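For reference, the structure is listed below as structure tokens.
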Amino acid sequence: MAESARRARGGGGAARRAARTAVSFETARYIERNIPNFEVLTEEALEIIEQNADAVLEEIGVNFPDNPGALALWREAGADVQGERVRIPRGLARKLCCTAPSTITQVARNRDRDVVIGGRNLVLAPVYGPPFVRDAAGGRRYATMADFEKFVKLGYMSKWLHHSGGTVCEPTDIPVNKRHLDMLHAHMTLSDKPFMGSVTEPSRAQDSVDMCGILFGKDFVQENTVMTSLININSPMTFDDVMMGALKVYAENNQACIISPFIVGGAMAPVSVAGTLTQVLAETLAGIAYSQLVRPGAPVIMGAFVTSIDMNSGAPTFGTPEAAHITYGAGQLARRLNLPYRSAGSFTGSKLPDAQAAYETSNSLNMGLLSGVNFMLHACGWLEGGLVSSFEKFVMDADQLGTLHHLARGVEIDVNAQAMDAIREVGPGGHYLGCAHTQSNFRDAFWKSDLLDYKPFETWSDEGARDTQSLATARVEKMLADYQQPALDPAIREALDAFVATRKAAEPDSFS
């Protein structure tokens, strides 16, 4: 009997060890908040900002340069169009925004990984746009397509990351006019999470739609949102023709756009929080309204990328109180418009994944959770003010995203959570390590990092006294070694390969 019990315990231990070492592709469902949003603006303050934003649109207006089609749409809608300047009568932009949906379901090719953007939800997506990459072995260098593919694989393997993202780094070894094809191909074949489309030229947006037609089916794409794409406003108050051309393609094809000012306070917006929020609201109202002129009901997300500036060096700063105030306030304004909200991320101005990066990133991630953000781009991997995608920081940040999931759960108060049986069992002077409640709940009671070191000093020292960056380097290597490509219908893969090859052959290479 005793030998049998030992075998049972040993077998259980072996099973647990196997489970710990097995390759896992689990992805957590997008976050559903059970905690309140943090609100910094009073009702009076919100009304003042909304009135001022309407005044900006009516009295100052916004520019739509080199875009006669957009100007014609605005003129037909009742705006005052003089040259490239569009002045929007008070209330018109807000009225047009009413046709935009309050939530967006973005379909993934693995339907278990669909995401719902809006409401109480938070979808996490990786860093976007840096031309450089950094790792411990190679340092800082221009990004390549091989780097891009590694980031897509890491994103696919990251449990707490819901979205594959878009330009996780800019692969500079591929011609500018063709790299979007390789990037989309990587997202579609190396991951089965949702992804973003190209916005660097309207024809590239159309390529994105056409490739989705191959992956999902043309009719399916027209009836469902399968892409989210980032449309930046040229702050202050300029809507350039390239971005608006991409927006037009996506709106016409029922694909979602994040319409987002790109603001560094003191450079592209006033230095005050209220002044910046006024400009953010005016710009997003105009951009979202334009999307609805293109196609009423087109899915859009209200964006706010806002940071402050170091008045001595001119460099952007991150994780600051002012950025938090603006992020919280913009969340309140988005909710009053009943629109999904994009903001925050793993922001830092640090050159390395060091203490500065950790402080600034932690501040930025937490403000994103508490401000009611629905889509968080740059949730992991951002370094050096967005110039660098860092492999080590990618996995460090992706690990810490687990804390957002657990914070968002809120505090349970059911019978098990009250733990009265445990308190009665232990009584004064005892301990809870062996009590029944602890034994029943210890596996799921606390969030645990898959990266950080909690070992005793002696064990840590014997294992090489590794710092967090060293641990992250090892984790990157393990994740890439464990990566297994998700299955894809061979006929779809062949069709995607053929589309990319045909489009690349259709025009000469251009690196400008």
Side-chain angles (χ1 to χ4, degrees), residues 39-65 67 70-102 231-239 243-244 247 251 257-263 265 268-294 296-298 300-306 325-343 371-372:
E39 300 192 340
V40 296
L41 299 177
T42 64
E43 180 69 21
E44 180 186 12
L46 289 164
E47 290 176 358
I48 289 172
I49 290 168
E50 289 171 341
Q51 291 168 9
N52 288 346
D54 281 344
V56 168
L57 293 176
E58 185 174 49
E59 298 168 19
I60 302 168
V62 296
N63 280 359
F64 277 77
N67 198 339
L71 298 175
L73 283 176
W74 277 117
R75 188 178 289 110
E76 185 179 347
D80 176 20
V81 179
Q82 301 293 331
E84 296 177 337
R85 182 69 58 89
V86 178
R87 291 180 175 84
I88 305 170
R90 188 174 292 270
L92 175 59
R94 188 174 297 272
K95 179 181 178 182
L96 291 169
C97 291
C98 289
T99 58
S102 58
I231 303 295
N232 278 325
I233 297 166
N234 246 357
S235 302
M237 297 174 289
T238 300
F239 296 75
M243 283 285 172
M244 292 304 102
L247 182 153
C257 286
I258 304 164
I259 299 178
S260 185
F262 189 95
I263 285 177
M268 294 95 125
V271 295
S272 66
V273 170
T276 296
L277 282 171
T278 295
Q279 185 178 311
V280 166
L281 182 57
E283 291 180 353
T284 52
L285 280 172
I288 293 166
Y290 175 64
S291 75
Q292 301 307 296
L293 288 177
V294 172
V300 288
I301 300 167
M302 175 178 161
F305 178 91
V306 178
H325 285 151
I326 293 166
T327 305
Y328 294 135
Q332 291 179 257
L333 294 167
R335 288 189 290 277
R336 286 163 73 90
L337 288 167
N338 200 27
L339 290 171
Y341 175 42
R342 171 258 165 155
S343 196
S371 64

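Scope of the values below: all heavy atoms of this structure, side chains included, with no hydrogens, waters or symmetry mates. Here the structure is a predicted model, which means the values were calculated and not measured. By convention here, the first residue in the shown sequence is residue 1.
Under the 4.5 Å side-chain criterion, counting only non-hydrogen atoms from C-beta, Gln279 is in contact with Ser235. Leu285 is listed as a side-chain neighbour of Leu337, based on a closest heavy-atom distance under 4.5 Å. Between Tyr290 and Phe239 there is no side-chain heavy-atom pair separated by less than 4.5 Å. Using a 4.5 Å cut-off on side-chain heavy atoms (C-beta onward), Ile259 and Ile233 make contact.
Contact record, Leu247 with Cys257: CA-SG, 4.1 Å, taken as the closest heavy-atom pair. In this structure, Ile258 and Gly303 approach most closely via the heavy-atom pair CG2-CA, 4.2 Å. Annotation for Leu293 and Ala77: closest pair CD2-CB, 3.7 Å, computed over non-hydrogen atoms. Closest non-hydrogen pair, Ala282 versus Leu57, comes out as O-CD2, 3.4 Å. Of all heavy-atom pairs between Ala330 and Tyr341, the closest is CB-OH, 3.3 Å. The two residues Val300 and Pro340 come nearest to each other via the heavy atoms O-CD, 3.7 Å.
For the atom pair CG (Leu46) and CG (Leu277), the distance works out to 9.0 Å, reported to the nearest 0.5 Å. The distance from the CD1 atom of Ile263 to the CG atom of Asn232 is 10.5 Å, given to the nearest 0.5 Å. Between atom CG of residue Leu71 and atom CD of residue Glu76 there is a gap of 13.0 Å, rounded to the nearest 0.5 Å. For the atom pair Leu41 CG and His325 NE2, the distance stands at 9.0 Å (nearest 0.5 Å). Here the straight-line distance linking atom CD of Gln332 with atom CD1 of Ile49 works out to 8.5 Å at 0.5 Å rounding. Between atom CZ of residue Arg87 and atom CD1 of residue Ile60 there is a gap of 9.0 Å, rounded to the nearest 0.5 Å.
Although no hydrogens or angles enter the test, the distance criterion places a donor-acceptor pair under 3.5 Å between the side chain of Thr276 and the main chain of Pro270. Ser343 places a side-chain N or O within donor-acceptor distance of the main-chain N or O of Ala304, the cut-off being under 3.5 Å.
Listed by first and then second residue, the salt bridge (charged side-chain N to carboxylate O under 4.0 Å, His left out) pairs involving residues 39-55 are Glu39-Arg335, Glu43-Arg336, Glu50-Arg336 (not counting sequence neighbours).
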Run the side-chain donor-acceptor check on residues 88-100: report pairs under 3.5 Å with partners two or more places apart or on a different chain.
| from | atom 1 | to | atom 2 | distance (Å) |
| --- | --- | --- | --- | --- |
| Arg90 | NH1 | Gln51 | O | 3.3 |
| Thr99 | OG1 | Leu96 | O | 3.1 |
| Thr99 | OG1 | Gln292 | OE1 | 2.7 |

